[in-house]
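Data first, discussion second: the structure below is written as structure tokens.
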Protein chains: 2
Amino acid sequence: MGYTIGQAAKKSGLSPYTLRFYEKEGLLPNIRKNSAGLRVFSQDDINWLQMIECLKGTGMSLKNIKQYLAWLNAGNTTINQRLQMFQEQKEKLKLQMQLLNKYMEKINFKIKLYTLAAQKGDMDVYKANPELEQERERIFGVDNPVR
Amino acid sequence: MGYTIGQAAKKSGLSPYTLRFYEKEGLLPNIRKNSAGLRVFSQDDINWLQMIECLKGTGMSLKNIKQYLAWLNAGNTTINQRLQMFQEQKEKLKLQMQLLNKYMEKINFKIKLYTLAAQKGDMDVYKANPELEQERERIFGVDNPVR
DNA sequence: ATAGCATTTAGAGCTAAGTCTAAGTCAAGC
DNA sequence: GCTTGACTTAGACTTAGCTCTAAATGCTAT
């Protein structure tokens, strides 16, 4: 159960460059090397890479991920810091998801608008569909006519 | 109804530096200047900044936002391109939201785990709560014990 | 009318996160 | 025994997106 850097790259969706970069940055400590000096990635390493993806994908910087790793390595005395970190990360993620929902509404409205405009051939869509004004105002606010 | 760069910065949540940078990059064409040479931001400019935020926030690069702006300025002949752009952006956003939901599950599980660990004082949580194994396996996969 | 602040410009500097280059090593297949 | 291809290293380079500096100008309140 050991992967070369290329195999680990495919498994994780990252490039070999990135994996070496992460190791250089201290995000992948304890990567074994075989007798020829090649890195050997374990399943644990792959799992950890997936955790990195999760934290990175929810907006955590590599620097903060490194902090988390330091807490992991420090053992049971840092359980509360780690718990708090995940709680904060959850709040951040909730806000982010709310924001994306708002963006989704805007984009959906734009699609509605442009679908009508594409049929008509021009952007004067509100005249034929005055009911859109209500929705537009709810999503974009009073003084945003949405071009 | 005109704002200084400082006021526009507050309204948009961006810094004056960023607003000047955006103008320099061609993302804010037609910003007026008053007799003293100061920029005057209109409500339309603020609205456009909010659209930029939406596109940027859903992962579009400034370069692609500039492309969209070019289509806007080109008039009705580009309605289909713009419609397609928003449709693609919507697909991207849907994937992103799915991903964030997965990350939320992972983070919630971690919070559950660390909450128990914090009570116990150590990480041997599965022994006292073997039902967690099921959930862990569903969220993280078979060969990921989740440290 | 002067102090204090916001603004202007051109251009330099910064940060995060990779990405690549060059020169070399090594194992496997022909 | 030679080629091919994946790997190694150190360190330079890239990209996106800002962020700041310096020197000058201009409004605003005392």
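Here is how names work: the chains are called A, B, and so on, in the same order as the sequence lines, proteins then strands, and each is numbered from 1.
By the side-chain contact (heavy atoms from CB on, under 4.5 Å) test, B/E137 pairs with B/V142, sequence neighbours left out. Under the side-chain contact (heavy atoms from CB on, under 4.5 Å) criterion, B/K11 pairs with B/Y3, B/I46, not counting sequence neighbours.
From B/L19, atom CG reaches atom CG of B/L27 across 11.0 Å, with rounding to the nearest 0.5 Å.
The aromatic rings of B/Y68 and B/W48 are tilted relative to each other, their planes meeting at an angle between 30° and 60°.
Annotation: of the two residues near DNA chain D, A/Q7 and B/L62, the 5′-most nearest-nucleotide partner is A/Q7. Between A/T18 and A/A36, the residue anchored closer to the 5' end of DNA chain C is A/T18, taking for each the nucleotide with the nearest heavy atom.
Residues in residues 52-72 of chain A take part in these salt bridge (Lys or Arg N to Asp or Glu O under 4.0 Å) pairs, two or more places apart or across chains: A/E53-A/K56.
The pair A/E133-A/R136 counts as a salt bridge, with a side-chain nitrogen and a carboxylate oxygen less than 4.0 angstrom apart. Between B/K102 and B/E105 there is no salt bridge, since none of the side-chain N atoms of the basic residue sits less than 4.0 Å from a carboxylate O of the acidic one.
Hydrophobic clustering of Ile, Leu, Val, Met, Phe, Trp and Tyr side chains at less than 4.5 Å, counting indirect connections, unites B/L72 with B/L62.
At a non-hydrogen distance threshold of 4.0 Å, A/R20, A/K24, A/K33 from residues 20-33 of chain A come into contact with DNA chain D.
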Self-check item: B/N80/B/Q84 under side chain to side chain donor-acceptor pair (under 3.5 Å): CA gap, chis, key distance, verdict
Solution: CA-CA 6 Å; B/N80 282 307; B/Q84 195 190 338; over 6 Å; no
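On the nucleic acid side, DNA chain C contacts chain B at distances under 4.0 Å to non-hydrogen atoms, with the end points of that region at C/dT7 to C/dG11.
In this structure, the helix from C/dA1-D/dT30 to C/dC30-D/dG1 shows an angle of 10° between the axis at its start and the axis at its end, each fitted on 5 base pairs and rounded to 10°.
Rounded to whole Å, atom P of D/dC27 lies 17 Å from atom CD1 of B/I5.
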